[in-house]
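Keep in mind that the numbers below use all heavy atoms, side chains included, and drop hydrogens, waters and symmetry copies. Positions are given from 1 along the sequence.
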Amino acid sequence: VVLLALGLYVWKNGAHITATLAAIPKIYLIAAFFCILAGKFSALFLMQASLRMSMPAAPGWRASSWIYVSSDVAKYMPGGVWAIVGRVVHYRNLGLSAGAISKALLLENLGFGVTALVLGTPIVVAMASKAGWLGGLGWSAIAAVMAILVWAGMRLLRHRGIAVSRTSVGIGGLALAVMTLGWVAMGTSFFLLLATSGGWIDWLWTVGTYAVAFTAGMVAIFAPAGAGVREGVLALAGQMHGISAAMMLDAALLNRALWVVADVCFFGLFLVVRATKK
């Protein structure tokens, strides 16, 4: 359905898309695609780490990869919960208890969201303050909200019985570092698609903004794969940085198209890997 919608959009806006693509060097398009793949591998690493912290013997990379790709494509279904449902089905087939499944999902999604917010929030807030959108009261409110979120997250982890040990800290710390690098790669993919790419300050702003926008799309469960929400947040953020909404939307839609292609390629790759095992 998503591919059909993209096809209709391309058919109706072919001339504009052609002009947009012509303004972007082909090497940038290729690099943006591989940056998205790097982000997906980071998310896979995070999921594998959550399983290692939730069960005595986690499945190998071949099995973990199939769990990730086969449930991840379900995010395009309306409702926003089907990727999680796919994870639950796979985890039950692995013999995990309801508590262990809840623990693995909590660790994975907390790691995904926390790394995005830690990376993106300071950058976006700084830009909003620079643009005059945020005063001292706004800074205080954001600091209070972040403190409450950290406190709530710690309480939730303790409530779920997630023990903190040297092993779990090592596994979790490495996974968070890899996921942070994944966010940098994904944000870079968007930066490369902007027709007027700037210096490192612009790149840093783009990385942070993209992480926040992606997370906003994740929590909007009514939108399949965050469609529309991510693009709207990016367009709004562009106003803080002096980039037109049209330019941000062009880059966001192209980025979305590359994501669909990357998801299909990722699924196809590990489907072949799974088939060769048999």
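- Contact of the L192 side chain with the I24 side chain is not registered, since no non-hydrogen atoms from C-beta on lie closer than 4.5 Å.
- In this structure L176 satisfies the side-chain contact (heavy atoms from CB on, under 4.5 Å) test together with T115, sequence neighbours excluded.
- Between atom CG of residue L194 and atom CE of residue M248 there is a gap of 6.0 Å, rounded to the nearest 0.5 Å.
- Sequence neighbours left out, not one pair with a member in residues 89-101 passes salt bridge (charged side-chain N to carboxylate O under 4.0 Å, His left out).
- Note that CZ of F191 is 12.0 Å distant from OG1 of T209, once rounded to the nearest 0.5 Å.
- Here the side chains of R62 and T276 are in contact, with some heavy-atom distance below 4.5 Å.
- L181 and V207 are members of different hydrophobic clusters when ILVMFWY side chains are connected at heavy-atom separations under 4.5 Å.
- Atom CD1 of I101 sits about 13.0 Å away from atom NZ of K103, to the nearest 0.5 Å.
- H90 and S71 form no side-chain donor-acceptor contact under 3.5 Å, judged by distance and modelled atom types alone.
- Within the 4.5 Å cutoff, the side chain of N109 has heavy atoms near those of the I84 side chain.
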| message | Show, in sequence, the C-alpha distance, side-chain angles and deciding distance for W61 and Y68, and conclude whether the ring pair (Phe, Tyr, Trp, His ring centres under 6.0 Å) test is met. | response | CA-CA 10 Å; W61 278 104; Y68 176 80; over 10 Å; no

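- The heavy-atom pair separating T215 from A211 by the smallest distance is OG1-O, 2.8 Å.
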N/O donor to acceptor pairs below 3.5 angstrom from side-chain atoms of residues 30-50, sequence neighbours left out:
unit_1: K40; atom_1: NZ; unit_2: D72; atom_2: OD2; d: 2.9
unit_1: K40; atom_1: NZ; unit_2: D263; atom_2: OD1; d: 2.6
unit_1: S42; atom_1: OG; unit_2: A38; atom_2: O; d: 3.0
unit_1: S42; atom_1: OG; unit_2: V178; atom_2: O; d: 3.4
unit_1: Q48; atom_1: OE1; unit_2: S64; atom_2: OG; d: 2.4
unit_1: Q48; atom_1: NE2; unit_2: P59; atom_2: O; d: 3.2
unit_1: S50; atom_1: OG; unit_2: M47; atom_2: O; d: 2.6

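- By the ring pair (Phe, Tyr, Trp, His ring centres under 6.0 Å) test, Y91 pairs with no residue at all, sequence neighbours left out.
- For S65, there are no side chain to side chain donor-acceptor pair (under 3.5 Å) partners at least two apart in sequence or on another chain.
- Sorted by first and then second residue, the salt bridge (charged side-chain N to carboxylate O under 4.0 Å, His left out) pairs with a member in residues 21-34 form an empty list; sequence neighbours excluded.
- Using a 4.5 Å cut-off on side-chain heavy atoms (C-beta onward), D250 and L254 make no contact.
- Between W259 and M186 the shortest side-chain heavy-atom distance falls below 4.5 Å.
- Rounded to the nearest 0.5 angstrom, L253 CG and R256 CZ are separated by 8.5 Å.
- In terms of the side chain to side chain donor-acceptor pair (under 3.5 Å) criterion, T180 has no residue partners (sequence neighbours excluded).
- Using a 4.5 Å cut-off on side-chain heavy atoms (C-beta onward), W203 and T188 make contact.
- A distance of 10.0 Å separates CD1 of I67 from CZ of R274, quoted to the nearest 0.5 Å.
- Between F270 and F266, the angle of the ring planes goes over 60°, which puts this pair in the perpendicular group of the 30/60° scheme.
- By the 4.5 Å heavy-atom criterion applied to side chains, F214 and F112 are counted as neighbours.
- Looking only at side-chain heavy atoms (C-beta outward), S189 and L258 stay at 4.5 Å or farther from each other.
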